Protein chains: 2
Amino acid sequence: METQDLKKAGLKATVPRMKILALLEENKVRHVSAEDVYKALLESGEDLSLATVYRVLTQFEQAGLVTRHHFEGGHSVFELNQGEHHDHILCVKCGRVDEFVDKVIEERQQKIAAEKGYNMTDHSLYIFGICSACQKD
Amino acid sequence: METQDLKKAGLKATVPRMKILALLEENKVRHVSAEDVYKALLESGEDLSLATVYRVLTQFEQAGLVTRHHFEGGHSVFELNQGEHHDHILCVKCGRVDEFVDKVIEERQQKIAAEKGYNMTDHSLYIFGICSACQKD
DNA sequence: TAAGTTAATGAGAATCGTTCGCATTTAGTG
DNA sequence: CACTAAATGCGAACGATTCTCATTAACTTA
């Protein structure tokens with residue numbers, strides 16, 4: 001039950017929080033904006049405010065349930081944390097997003113951080129390109 | 001002369017553009033926001049508008065003279081393209097930014113893109129951590 | 001080098017995603 | 001079931017960026 005997940009994260013199990021978490025867990029789309037979440041919930045009959053969506057997503061992020069990605073134009077998209085860490089490769093033409101995991105890169109990053117005297121906490125890697133479908137146009 | 005650089009980039013050699021390019025080439029700071037550029041130029045006696053700074057930086061980006069980095073909170077910072085490509089490692093406590101180049105990572109990225117059927121055009125890699133100075137606090 | 005054409009600029013309004021303030025409602029507790 | 005703190009809704013506020021449009025400056029050609 002989601003109630004447990006929320007409690008574990010130190011968050012009260014309120015209606016908006018459960019609805020948002022449930023939506024993310026449906027996993028229809030991996031990467032959603034606050035606006036996406038807001039609209040999807042309105043459509044499914046929920047009545048909540050956009051401000052709440054932002055608040056909740058920010059709390060989820062702080063609780064480690066969700067990762068926020070910063071995109072161009074000040075947009076953020078959120079992604080439920082599940083399974084292993086991964087990075088992203090995205091198409092600059094159609095916006096398609098794929099994911100990948102590469103141990104070699106992970107290791108090199110650790111090494112680089114160490115060399116520079118940093119205690120690595122996180123990283124963000126995006127590869128941009130043109131996907132196979134778009135190469136045909 | 002900067003005039004040449006601008007012409008080469010297909011841009012008229014106007015006063016604001018030359019001043020902004022000169023400022024970036026001074027290279028006092030590698031990563032500047034539009035606001036930084038605007039203030040610095042005002043202080044050095046130039047009279048230009050923030051809108052122009054944004055316009056010019058965007059044109060520089062399109063011309064490949066400059067790279068724009070998207071940071072948290074919808075902030076962008078710009079960096080003059082000079083020398084070789086590099087990635088960034090930054091301190092989440094003090095905001096310090098270091099740069100690095102890693103051939104292994106570059107190659108892996110090419111390989112991953114190919115595997116996923118993408119024609120890679122660019123990438124962005126940030127390592128986050130706590131720098132040596134901040135580890136002591 | 002002066003006139004003409006077009007693109008660039010300044011100033012401020014407008015936009016967009018996001019956050020805030022505050023009155024109201026709800027969840028968890030006893 | 002009543003109580004208290006925390007969560008929500010609403011709309012206003014915000015900050016970065018972009019737009020509009022009248023004015024000005026930069027290349028072109030004579």
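Keep in mind it's a predicted model, so treat the numbers as computed, not measured. Below, chain A is the first sequence line, B the second, and so on; all start at residue 1.
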**Request:** Figure out the CG/C1' separation between B/Leu57 and D/dT17, and round it to whole Å.
**Result:** 12 Å
**Asked** Distance check: side-chain N/O of A/Thr52 vs OP1/OP2 of D/dG9, anything under 4.0 Å?
**Response** yes
**Fill in**
From OH of B/Tyr38 across to C1' of C/dG12 the rounded distance in Å is 11 Å
**Request:** Take atom CE of B/Met18 and atom C1' of D/dC27, then tell me their distance rounded to the nearest Å.
**Result:** 13 Å
**Message:** Rounded to whole Å, how long is the line connecting atom CG of B/Leu21 with atom C1' of C/dA8?
**Reply:** 16 Å
**Request:** Measure from CD on B/Gln59 to P on D/dA26 and round the result to the nearest Å.
**Result:** 15 Å
**Asked** For the ring pair B/His70 and A/His75, is the centre-to-centre distance below 6.0 Å?
**Response** no
**Complete:** A correct 5'-to-3' footprint of nucleotides 18-30 of chain C, with B, S and - meaning base, sugar-phosphate only and no protein heavy atom under 4.0 Å, is BBBB-----BS--
**Asked** Looking only at heavy atoms, what is the nearest atom pair of A/Gln135 and B/Gly117, with distance?
**Response** NE2-O, 3.1 Å
**Request:** Quickly work out the B/Asp36 CG to D/dG15 P distance and round it to whole Å.
**Result:** 16 Å
**Message:** Working note: B/Arg96 + A/Tyr118, criterion side-chain contact (heavy atoms from CB on, under 4.5 Å); need CA distance, chi angles, decisive distance, verdict.
**Reply:** CA-CA 11 Å; B/Arg96 173 178 164 182; A/Tyr118 279 75; 3.7 Å; yes
**Request:** Just do the side-chain contact (heavy atoms from CB on, under 4.5 Å) check on B/Ile112 and A/Asp87 with the steps written out, would you?
**Result:** CA-CA 11 Å; B/Ile112 291 160; A/Asp87 291 305; over 6 Å; no
**Prompt:** Which class fits the ring pair B/Phe128 and B/Tyr126: parallel under 30°, tilted 30 to 60°, perpendicular over 60°?
**Reply:** parallel
**Prompt:** Could you state the NE2-P distance from A/His69 to C/dG17, rounded to the nearest angstrom?
**Reply:** 19 Å
**Request:** For B/Glu46 and C/dT9, give me the distance from atom CD to atom P, rounded to whole Å.
**Result:** 13 Å
**Message:** I need the minimum non-hydrogen distance between B/Ala113 and A/Ile127, along with the two atoms involved.
**Reply:** CB-CG2, 4.4 Å
**Message:** For B/Lys116 and A/Asp98: C-alpha separation, side-chain torsions, deciding distance, then whether salt bridge (Lys or Arg N to Asp or Glu O under 4.0 Å) applies.
**Reply:** CA-CA 8 Å; B/Lys116 294 280 180 186; A/Asp98 284 297; 5.6 Å; no
Side-chain donor-acceptor pairs of residues 10-22 of chain B under 3.5 Å, sequence neighbours excluded:
unit_1: B/Thr14; atom_1: OG1; unit_2: B/Arg17; atom_2: N; d: 3.4
unit_1: B/Arg17; atom_1: NE; unit_2: B/Lys12; atom_2: O; d: 3.0
unit_1: B/Arg17; atom_1: NH1; unit_2: B/Gln59; atom_2: OE1; d: 2.8
unit_1: B/Arg17; atom_1: NH2; unit_2: B/Lys12; atom_2: O; d: 3.4

**Message:** Taking atom CD as the centre, does B/Glu26 end up with more than 12 heavy-atom neighbours from other residues, nucleotides or ligands that are less than 6.0 angstrom away?
**Reply:** yes
**Asked** End-to-end bend of the helix from C/dT1-D/dA30 to C/dG30-D/dC1 (five-pair axes, 10° rounding)?
**Response** 30°
